[in-house]
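Scroll down for the structure; my scribbles are underneath it.
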2 protein chains.
Amino acid sequence: MGSSRRRALPTREQLHVWRGYVETAEVLRSRLGARLQSETSLSAGDYQVLLALSEASGGTMRSSTLAVTIGWERSRLSHHLGRMEKRDLIRRVPCDDDVHGIDVTLTATGAETFRAATVPHLRAVREMFADALTDEQLDQVEELTATLRRHLGLDPL
Amino acid sequence: MGSSRRRALPTREQLHVWRGYVETAEVLRSRLGARLQSETSLSAGDYQVLLALSEASGGTMRSSTLAVTIGWERSRLSHHLGRMEKRDLIRRVPCDDDVHGIDVTLTATGAETFRAATVPHLRAVREMFADALTDEQLDQVEELTATLRRHLGLDPL
DNA sequence: TCGGGGTGGTTGACGTGTCAATTCGGAGCG
DNA sequence: CGCTCCGAATTGACACGTCAACCACCCCGA
């Protein structure tokens, strides 16, 4: 049969599933972001950065390590850190043991803002996502995610 | 039991599934966007606009209708149309039958660029998404998407 | 006739993301 | 010593999104 050829186009139904998948994920992402923003004045990006830093010893991490940890490009991180520094959420200090290299560290306000944000944010995740699905469905999502990540050559998890 | 209380936080596993879900969808979205961009010099947004217009009779649609069709805010569409107009992909003309109201219409280059983009783009969707999943998995995704959309109060599909 | 609303669309400001170019200070090597 | 190459980080230009303010014109009711 020619129906399963390599470079064929997706069927109408495959396209339909795809559209639903991306659009729904996008809505979730943006709603959660909006809610986080309104409840805590942090963006999703801020949250990611603060989470990583708050889990690092001393609330401090090398900029490059941070970039890898949260999976961002260096330039993206640099821009974002600039904005966060202006808001006094983090500070950048050149680090001694490596001539290049910047240590990013939580400020007091950064730590406190993050601390105050975590419960509302987790609650939102539960309400918007986890509460919608049964345990079996969550297992399905996990399995599907793993399959897709494998297909895309991403690290599992 | 207190384990299913209303405002509880998500479990570690729920959070894990959530992270996998959004991050994977985001990777897919951005990879597909990058590929579209590099193969056709169109962004995902451009594609959405051109798709809607190319399906409209005469390659023309009222700006407000277009916004609703692709689910964008008016201001977002306005900004985007501005950029697309500069690149001669579309044109905006005040429409006669309604005093306010702008007709957005495909230019020749817009139509041709879109035409040339569709096969590569569909192929990419197939390769990156559809090819990764079995038919049963696609059904699961559709079902999960529907569940989430219901939960979020979105129109089905 | 005037004064609100409502609708359709634009604008400006600003945060966010990406890409390409740049800076800075070592290594390594002739 | 002078050269090039490399890795860490920054910068600038630009596309993209959102929010709030705005403009224009209509309609409707006092």
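The chains referred to below are lettered A, B, ... by the order of the sequence lines, with proteins before strands, and numbering in each begins at 1.
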- request: Over 60° means perpendicular and under 30° means parallel, so classify the ring planes of Y47(B) and H121(B), tilted if in between.
  value: tilted

message: Below 30° counts as parallel, above 60° as perpendicular, anything between as tilted: where do the rings of Y21(B) and Y21(A) land?
response: perpendicular

No-hydrogen, no-angle side-chain donor-acceptor test under 3.5 Å, S75(A) and E73(A): no

Expressed as a whole number of angstroms, how long is the span from [X]:[atom1] to [N]:[atom2]?
X      : N       : atom1 : atom2 : answer
K86(B) : dA13(D) : NZ    : C1'   : 14 Å
E73(A) : dC19(C) : CD    : C1'   : 8 Å
M61(A) : dA9(D)  : CE    : P     : 13 Å

Lys/Arg N to Asp/Glu carboxylate O, E39(A) vs R123(A), below 4.0 Å: no

statement: Per-nt protein contacts along nucleotides 10-17 of chain C (heavy atom under 4.0 Å; B base, S backbone sugar-phosphate only, - none) come out as BBBB-SBS

message: I'd like to know if the side chain of D46(B) reaches the main chain of S43(B), judged simply by a donor and an acceptor atom lying under 3.5 Å from each other, with no hydrogens or angles considered.
response: yes

statement: Per nearest nucleotide of DNA chain D, the residue lying toward the 5' end, E26(A) or S64(A), is S64(A)

task: Take atom CZ of R87(B) as the centre, draw a 6.0 Å sphere, and report whether it contains more than 12 heavy atoms from other residues, nucleotides or ligands.
output: yes

